[in-house]
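All heavy atoms count here, side chains included; hydrogens, waters and symmetry mates do not.
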Amino acid sequence: MMKDRLRELNIKLTELSDYVGISRPTLYKYIESYDGGDFGSIRTEVLELFRYLDTPGIRKEQALTYMISLSNGNSSDDRDIIRNYLTDRNASDEKIQLMKKLSGSTYLDELIPYLNNCLDILSKSTVTEEELHQVVGLVIMKSKVTRNVQFTDGEMEEAKTALGGKYND
């Protein structure tokens with residue numbers, strides 16, 4: 001129950017209503033709706049906040065930071081979208097692990113512009129010849145990996161070279 005979670009986090013309802021810019025009676029209605037599974041009647045940013053607060057392991061400091069971002073009107077920036085994804089109970093564990101590893105490593109940073117460009121191209125309804133040339137590597141790699149197709153000897157040698165001294169026979 002959300003009231004119990006707020007009590008656990010030591011967040012007062014008056015404090016919460018101030019941060020999200022709603023009256024206490026409205027907040028009570030939203031909490032009741034949330035606990036009853038009636039998410040459609042809750043303002044989007046409040047619903048996102050409740051979901052964030054309901055995530056196991058969230059501490060009061062994190063909750064307050066999130067609430068302050070709401071009160072500053074910054075709730076729709078890219079960081080909040082990612083934060084909401086990471087706190088969504090239905091989020092893919094594999095994607096969360098990838099995002100965690102990407103955030104802690106610089107190994108793939110050179111590929112980020114390429115991957116962003118590929119995702120933009122792949123979201124189009126039609127693709128030009130030039131765009132096809134830009135995505136061909138990613139499309140072939142995905143196809144090989146998902147179908148468990150072996151890479152060629154040349155591709156394996158290129159990977160060994162790229163790994164430097166990390167590869168052991």
Side-chain angles (χ1 to χ4, degrees), residues 2 4-6 8-11 16 19-20 34 37 39 42 44-128 130-169:
M2 185 51 61
D4 295 334
R5 182 66 176 137
L6 293 170
E8 183 182 308
L9 290 168
N10 197 25
I11 296 172
L16 182 58
Y19 278 119
V20 295
Y34 183 79
F39 305 135
I42 304 171
T44 303
E45 61 270 16
V46 176
L47 178 60
E48 290 171 359
L49 172 63
F50 286 172
R51 286 181 174 155
Y52 183 75
L53 295 175
D54 222 4
T55 303
I58 296 297
R59 297 181 319 275
K60 182 174 183 175
E61 299 80 24
Q62 294 167 305
L64 290 175
T65 300
Y66 189 92
M67 290 185 324
I68 289 168
S69 77
L70 285 178
S71 68
N72 290 334
N74 296 328
S75 63
S76 64
D77 79 14
D78 292 342
R79 286 176 178 80
D80 286 329
I81 293 168
I82 293 167
R83 186 179 302 110
N84 291 337
Y85 177 81
L86 294 175
T87 60
D88 183 348
R89 291 185 191 133
N90 297 318
S92 158
D93 288 338
E94 292 84 8
K95 190 181 275 188
I96 289 172
Q97 285 301 313
L98 175 63
M99 292 169 80
K100 179 180 175 183
K101 288 174 184 175
L102 283 172
S103 68
S105 171
T106 58
Y107 184 77
L108 297 175
D109 283 0
E110 296 170 9
L111 292 178
I112 291 172
Y114 168 73
L115 293 171
N116 278 325
N117 186 46
C118 285
L119 290 172
D120 289 342
I121 291 169
L122 293 170
S123 69
K124 293 181 172 186
S125 57
T126 58
V127 176
T128 67
E130 181 181 330
E131 291 168 332
L132 175 63
H133 284 281
Q134 292 176 34
V135 299
V136 69
L138 180 64
V139 171
I140 289 173
M141 182 186 74
K142 179 185 178 225
S143 175
K144 283 186 170 188
V145 169
T146 57
R147 293 182 300 125
N148 201 24
V149 173
Q150 297 298 310
F151 289 93
T152 66
D153 290 342
E155 291 166 331
M156 293 300 290
E157 288 304 316
E158 189 174 341
K160 289 176 191 176
T161 301
L163 289 172
K166 293 181 182 183
Y167 175 73
N168 292 326
D169 287 319

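How far CG of Asp4 is from CG of Leu9: 11.0 Å, rounded to the nearest 0.5 Å. In this structure, CG on Leu119 lies 7.0 Å from CG on Leu138, to the nearest 0.5 angstrom. In this structure, the separation between CD on Glu158 and CG on Leu163 is 11.0 Å, given to the nearest 0.5 Å. To the nearest 0.5 angstrom, Leu98 atom CG is 12.5 Å from Asp93 atom CG.
Between Leu115 and Leu108, every side-chain heavy-atom pair lies at or beyond the 4.5 Å cut-off. Between Leu122 and Val139, the closest side-chain pair of non-hydrogen atoms falls below 4.5 Å. Tyr52 has its side chain within reach of Gln62: a pair of non-hydrogen atoms, C-beta onward, lies under 4.5 Å apart. Side-chain contact check for Leu6 versus Met2: some heavy-atom pair is nearer than 4.5 Å. Annotation: side chain of Val20 is not in contact with side chain of Phe50 (no heavy-atom distance under 4.5 Å).
In this structure, Thr55 and Arg5 approach most closely via the heavy-atom pair O-NH2, 3.3 Å. Nearest heavy atoms, Leu53 versus Ala63: CD2-CB, 3.3 Å. Residue Asn117 comes nearest to Gln134 through the heavy atom pair ND2-OE1, 2.5 Å, listed as atom of the first residue, atom of the second, then distance. In terms of heavy atoms, Val127 sits closest to Leu132 at CG1-N, 3.6 Å.
Other residues, nucleotides and ligands place more than 12 heavy atoms under 6.0 Å from the NZ atom of Lys60. Taking a 6.0 Å sphere around CD of Glu61, one finds it holds more than 12 heavy atoms contributed by other residues, nucleotides or ligands. Counting non-hydrogen atoms of other residues, nucleotides and ligands closer than 6.0 Å to NZ of Lys160 gives a total above 12.
Inspection of the Ser92 and Glu94 side chains reveals an N or O donor paired with an N or O acceptor under 3.5 Å.
Aromatic ring orientation, Tyr34 versus Phe39: tilted (interplanar angle from 30° to 60°).
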Show, in sequence, the C-alpha distance, side-chain angles and deciding distance for Glu48 and Arg51, and conclude whether the salt bridge (charged side-chain N to carboxylate O under 4.0 Å, His left out) test is met.
CA-CA 5 Å; Glu48 290 171 359; Arg51 286 181 174 155; over 6 Å; no
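The backbone N or O of Glu155 lies less than 3.5 Å from a partner atom in the side chain of Thr152, making a donor-acceptor pair. Listed for the Thr146 side chain is a donor-acceptor partner under 3.5 Å among the backbone atoms of Lys142.
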